[in-house]
Amino acid sequence: MWPAALADLGPDRPLGLWVRGHEQLPQLTTRAVAVTGNRTATTEALTRTKAFATAVAEAGHTVTATLAYGVDATAHRAAAQAGHATLAVLPRGLDRAHPHDHAQLLSSIPTSGGAVVSLFPPGTPASGATLRASAALLAALVRAVVLVEALDHAEAAMHTAETAADLNRPVLVPPPTSDNGAPAIHRASGSCLVSECTRRW
């Protein structure tokens, strides 16, 4: 079954997806929530990510993220450790992981009841263009985005948040961390602090 939420992309919606774990995709996308953020996350941000991802999964939502270092990979692992399937969006063909050394994480997701999706056929390498397209796909597939410690250089995570806001998805932003003097979290247009908006989400 085609994810109905992709219709919100209008003329930019994809004509097809490459999927591993396609049998699970309709159920996973019904209540998907993205947990994404900084690739070089601080220790405090990773601790928060584990807590958010576990809470999202325990509430019956599908933790959805890329396989990137930092927040995204941590979100997948936290949900899996809690016994819940996740949904991954890749910025390249599904024949290889991105980053490459997350191959085991890539293979574990569909075998644990989750799914992995991509806009690109096998053999397509990751690039700036595929990263931005996949960030938009991630935003469209989910009902909300939890943006953890997205610094200015976390371009893909920020593009996900801004696309989500454009699509009228809630963007939940935790207050800034203080670990290692990390700068304040950049708030995407239309976003709110977790403490401000969880009651209406």
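Hydrogens, waters and symmetry mates are skipped; everything else that's a heavy atom, side chains included, is used. What you see is a predicted model, and the numbers here were worked out from it, not measured in a lab.
- Residue Glu58 qualifies as enclosed at atom CD: its count of foreign heavy atoms under 6.0 Å is above 12.
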Dump the intermediate steps for side chain to side chain contact (heavy atoms under 4.5 Å, CB included) on Ile109 and Leu67, then the final yes or no. CA-CA 10 Å; Ile109 290 172; Leu67 298 184; 3.8 Å; yes
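- Listed by first and then second residue, the salt bridge (charged side-chain N to carboxylate O under 4.0 Å, His left out) pairs involving residues 67-78 are Arg39-Asp72 (not counting sequence neighbours).
- A heavy-atom distance below 4.5 Å is found between the side chains of His98 and Leu131.
- The backbone N or O of Gln104 lies less than 3.5 Å from a partner atom in the side chain of Ser107, making a donor-acceptor pair.
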Apply side chain to side chain contact (heavy atoms under 4.5 Å, CB included) to Asp8 and Asn168, showing your working. CA-CA 10 Å; Asp8 292 345; Asn168 296 315; over 6 Å; no
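- Without hydrogens or angle criteria, Thr130 side chain to Pro91 main chain gives a donor-acceptor distance under 3.5 Å.
- With contacts defined as side-chain heavy-atom distances shorter than 4.5 Å, the pair Leu167/Leu9 qualifies.
- For Ser108 against Ser112, the heavy-atom pair with the smallest separation is O-OG, 2.8 Å.
- The shortest side-chain heavy-atom distance between Pro174 and Phe52 falls under the 4.5 Å cut-off.
- Applying the 6.0 Å contact sphere to CZ of Arg31 captures more than 12 heavy atoms from other residues, nucleotides or ligands.
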Do any side-chain atoms of residues 11-21 form donor-acceptor pairs under 3.5 angstrom with protein atoms, and if so which ones, sequence neighbours left out?
residue, atom, partner, partner atom, Å
Arg13, NH1, Gly10, O, 2.7
Arg20, NH1, Leu94, O, 3.2

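- Using a 4.5 Å heavy-atom cutoff, the side chains of Thr62 and Val142 are not in contact.
- The backbone N or O of Gly37 lies less than 3.5 Å from no partner atom in the side chain of Glu149, so there is not a single donor-acceptor pair.
- Judged purely by atom type and a 3.5 angstrom limit, Thr124 has no side-chain atom pairing as donor or acceptor with the backbone of Phe120.
- With rounding to the nearest 0.5 angstrom, the NE2 atom of His159 is 9.5 Å from the OG atom of Ser134.
- A single hydrophobic cluster is seen to contain both Leu172 and Val63, as judged by linkage of ILVMFWY side chains at heavy-atom distances under 4.5 Å, directly or through other members.
- With hydrophobic clusters built from ILVMFWY side chains whose heavy atoms lie under 4.5 angstrom apart, Leu119 shares a cluster with Val89.
- Using a 4.5 Å heavy-atom cutoff, the side chains of Leu90 and Leu106 are in contact.
- When atom types are taken as modelled, the side chain of His76 and the backbone of Ala73 share no donor-acceptor pair closer than 3.5 angstrom.
- Of all heavy-atom pairs between Ala165 and Val171, the closest is N-CG2, 4.0 Å.
- One distance of note links NE2 of His22 with CG of Leu28; it measures 12.5 Å at 0.5 Å rounding.
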Run His84 and Val56 through side chain to side chain contact (heavy atoms under 4.5 Å, CB included) and show every step you take. CA-CA 10 Å; His84 299 278; Val56 165; over 6 Å; no
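- Contact of the Leu87 side chain with the Thr29 side chain is registered, since non-hydrogen atoms from C-beta on lie closer than 4.5 Å.
- Scanning both residues, Ala139 and Ala164, for their nearest heavy atoms gives CB-N, 3.6 Å.
- For the pair Arg143 (side chain) and Arg169 (backbone), a donor-acceptor distance under 3.5 Å is absent.
- When all heavy atoms of Ala140 and Leu6 are compared, the closest pair comes out as CB-CD2, 3.7 Å.
- Between Ala85 and Gly114, the shortest heavy-atom distance links the atoms CB-N, 3.6 Å.
- Remark: His102 pairs with Tyr69 by the ring pair (Phe, Tyr, Trp, His ring centres under 6.0 Å) rule, at least two apart or across chains.
- Two residues are said to be in side-chain contact when any heavy atoms from C-beta on lie closer than 4.5 Å; Thr49 and Val35 meet this criterion.
- Between the side chain of Thr163 and the main chain of Thr160, no donor-acceptor pair closer than 3.5 Å is present.
- In this structure, Thr36 and Val145 have side chains that are in contact, with non-hydrogen atoms separated by less than 4.5 Å.
- Judged by distance alone, the side chain of Thr64 and the main-chain N or O of Ala34 form no donor-acceptor pair under 3.5 Å.
- Remark: side-chain polar atoms of Thr47 are paired, donor with acceptor, to backbone N or O of Thr43 under 3.5 angstrom.
- Under 4.0 Å is where a charged nitrogen must lie from a carboxylate oxygen, and between Arg92 and Asp95 at least one such pair does.
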